[in-house]
Amino acid sequence: AGVRLASSQEVWPSRINPGVNRGYRPGTLREDGRLRKYTGACGPVIYRGNQFPASYLGNAFVCEPTGNMVRRNLITEKHGSLEANNAYHEMEFLTSSDERFRPVNAFNGPDGTLYIVDFYRGLIQHRIYLTSFLRGQIEDRGLQEPIGLGRIYRVYHRGKDRQAAPAISSMNSAELAAQLSHPNGWSRSVAQRLLVDRRDASIAPTLNAMVTNNRQPYAQLHALWTLDGTGGAR
């Protein structure tokens, strides 16, 4: 069974959201026309980068294309249970007044920033499930067009320079192993994947030493999983 970490499902778009499939139902929209609760949550990512302030590390970013917004959730733990709460009071991390802004996925980037994929379409409902209410909204404002204008946004913190993306695909096994302790989670994960793909047995002593001697927990974890993936665990 799934576990709902966020007790509140309320959202706070910056524009009215009449173009939703069941906007005619009481409670779907607020009195001011904005979406009241999540209806299209998707593309979540845990921020593991090193370009944002430290307070963002481990935050969950959740896209809501229907509400033209992205939520930033603070994850807290108490007695082994996790809880997610909006980082802002009746606001969101990212909103748009453009009805065609449809964020559908988020990723950690090679430069430590956050990448957001924008589907950028007025219509996002499958024709089989299209209500007459939404059809009216589409025809009213021509939301079926344009298409083919999707884009990727790179979100970064202005107070810190963006690091150059490492040429990680050209690194040898020893260099990849060193990346397992990199402060940017993207670098660690990609290095782990490449090491597992290579299955280079000669790197096992280096990884075992990292598990024993490295003082960074995430480096030890990546080394352990890399050993498991390469068959070098002991």
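One-based numbering along the sequence shown. Only this structure's heavy atoms are used, side chains among them; waters, hydrogens and symmetry mates stay out.
- Arg15 has its side chain out of reach of Ser96: every pair of non-hydrogen atoms, C-beta onward, lies at least 4.5 Å apart.
- Summarising the geometry of Arg199 relative to Gly229, their closest heavy-atom pair is NH1-O, 2.8 Å, with the distance given to 0.1 Å.
- Without hydrogens or angle criteria, Thr95 side chain to Glu92 main chain gives no donor-acceptor distance under 3.5 Å.
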Problem - Steps toward side chain to side chain contact (heavy atoms under 4.5 Å, CB included) verdict (Phe52, Leu114) - result: CA-CA 9 Å; Phe52 287 11; Leu114 181 69; 3.7 Å; yes
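- Closest approach of Val104 and Cys42 over heavy atoms only: O-SG, 3.5 Å.
- Aromatic ring centroids of Tyr153 and Tyr115 lie 6.0 Å or more apart.
- Remark: Glu175 CD to Leu195 CG distance equals 11.0 Å, nearest 0.5 Å.
- The number of heavy-atom neighbours closer than 6.0 Å to CH2 of Trp225, taken from other residues, nucleotides and ligands shown, is 12 or below.
- Under a cut-off of 6.0 angstrom, the local environment of CZ in Arg135 is sparse, with at most 12 non-hydrogen atoms contributed by other residues, nucleotides or ligands.
- In the hydrophobic clustering of this structure, Trp186 groups with Leu194; members are Ile, Leu, Val, Met, Phe, Trp, Tyr whose side-chain heavy atoms approach within less than 4.5 Å, directly or through other members.
- If you check the side chains of Arg188 and His222, you find a donor sitting under 3.5 Å from an acceptor.
- Interatomic distance, CZ of Phe107 versus OG1 of Thr113, reported as 13.0 Å (0.5 Å rounding).
- For Arg30 (side chain) and Leu35 (main-chain N/O), a donor-acceptor pair under 3.5 Å exists by modelled atom type.
- Tracing side-chain contacts under 4.5 Å through hydrophobic residues (I, L, V, M, F, W, Y), one reaches Val155 starting from Val45; they form part of the same cluster.
- The side chain to side chain donor-acceptor pair (under 3.5 Å) contacts involving residues 31-43 comprise Asp32-Arg34, where partners must be two or more places apart or lie in separate chains.
- With a 4.5 Å cut-off on side-chain heavy atoms, Ile116 and Ile152 do not count as touching.
- The side-chain tip of Arg22 does not point at the ring of Phe133 from less than 6.0 angstrom away and within 45° of straight on.
- For the residue pair Asn68/Asn17, the side-chain donor-acceptor check at 3.5 Å is satisfied.
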Exercise for the section: Determine, stepwise, if the pair Arg154 / Asp111 fulfils salt bridge (Lys or Arg N to Asp or Glu O under 4.0 Å). Expected result: CA-CA 10 Å; Arg154 177 169 57 189; Asp111 54 359; 3.2 Å; yes
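- No donor-acceptor pair under 3.5 Å is formed between the side chain of Arg72 and the backbone N or O of Phe61.
- Follow the hydrophobic side-chain contacts under 4.5 Å out from Ile203 and you reach Val190 in the same cluster.
- Asn208 contributes a side-chain N or O that, together with a main-chain N or O of Ala204, makes up a donor-acceptor pair within less than 3.5 Å.
- At distances below 3.5 Å, at least one donor-acceptor pair connects side-chain atoms of Thr230 with backbone N or O atoms of Leu227.
- Side-chain N or O atoms of Glu145 include none that pairs as donor or acceptor with a backbone N or O of Gly142 at under 3.5 Å.
- Applying the side chain to side chain contact (heavy atoms under 4.5 Å, CB included) rule to Pro205 yields no partners; only residues at least two apart in sequence or on another chain are considered.
- Looking at every heavy atom in both residues, Ala223 comes nearest to Met210 through CB-SD, 3.7 Å.
- In plain terms, the two heavy atoms of Ile168 and Ser187 that are nearest each other are CD1-O, 3.6 Å.
- How far CD1 of Ile75 is from CD1 of Ile46: 5.5 Å, rounded to the nearest 0.5 Å.
- We find that Arg100 and Asp118 are not joined by a salt bridge, their nearest charged nitrogen and carboxylate oxygen being 4.0 Å or further apart.
- With rounding to the nearest 0.5 angstrom, the CZ atom of Arg198 is 12.0 Å from the OG1 atom of Thr226.
- The local environment of CG in Asp161 is sparse, with at most 12 non-hydrogen atoms from other residues, nucleotides or ligands closer than 6.0 Å.
- Asn108 and Arg48 are not linked by any side-chain donor-acceptor pair at a separation below 3.5 angstrom, with hydrogens and angles left out of the test.
- Judged by distance alone, with hydrogens and angles left aside, the side-chain atoms of Asn21 form no donor-acceptor pair with the main-chain N or O of Leu130 at under 3.5 Å.
- Within 6.0 Å of CZ on Arg151 lie more than 12 heavy atoms contributed by other residues, nucleotides or ligands.
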Anything under 3.5 Å between a donor and an acceptor, one on a side chain of residues 78-86, the other on a protein residue two or more places apart or in another chain? List them.
residue: Glu83; atom: OE2; partner: Asn85; partner atom: ND2; Å: 2.8
residue: Asn86; atom: OD1; partner: Tyr88; partner atom: N; Å: 3.1
residue: Asn86; atom: ND2; partner: Tyr88; partner atom: O; Å: 3.1
residue: Asn86; atom: ND2; partner: Met91; partner atom: O; Å: 2.8

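- Side-chain atoms of Leu176 and Asn172, non-hydrogen and from C-beta on, never get closer than 4.5 Å to each other.
- Side chain of Glu64 to main chain of Val11: no donor-acceptor pair is present (N/O by atom type, distance under 3.5 Å, no hydrogens or angles).
- No side-chain donor-acceptor contact under 3.5 Å links Glu139 to the backbone of Gly136.
- When all heavy atoms are compared, the tightest approach of Gly67 to Pro13 is O-CB, 3.4 Å.
- Nearest heavy atoms, Asn184 versus Pro110: ND2-O, 3.3 Å.
- Outside the 6.0 Å centre-distance limit, the rings of Tyr120 and Phe101 are not counted as a close aromatic pair.
- Under 4.0 Å is where a charged nitrogen must lie from a carboxylate oxygen, and between Glu99 and Arg141 at least one such pair does.
- Side-chain atoms of Gln163 and Asn50 form a donor-acceptor pair, as typed in the model, at a separation below 3.5 Å.
- With rounding to the nearest 0.5 Å, the separation of CZ in Arg71 from CG in Asn59 is 12.0 Å.
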Handout entry: Verdict with supporting geometry, Leu134 and Val20, side chain to side chain contact (heavy atoms under 4.5 Å, CB included)
Key = CA-CA 6 Å; Leu134 181 53; Val20 295; 5.9 Å; no
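- No side-chain donor-acceptor contact under 3.5 Å links Thr212 to the backbone of Ala209.
- Side chains of Ser202 and Asp200: a donor-acceptor N/O pair is present below 3.5 angstrom, by distance only.
- When hydrophobic clusters are built by joining Ile, Leu, Val, Met, Phe, Trp and Tyr residues whose side-chain heavy atoms come closer than 4.5 Å, directly or via intermediates, Leu94 is not grouped with Val62.
- In the displayed structure, Ile147 atom CD1 is contacted under 6.0 Å by at most 12 heavy atoms of other residues, nucleotides or ligands.
- Taken together through direct or relayed side-chain contacts under 4.5 Å among Ile, Leu, Val, Met, Phe, Trp and Tyr, Val211 and Leu221 form parts of separate hydrophobic clusters.
- Here NE2 of His182 is found 11.5 Å from CG of Leu180. Values are rounded to the nearest 0.5 Å.
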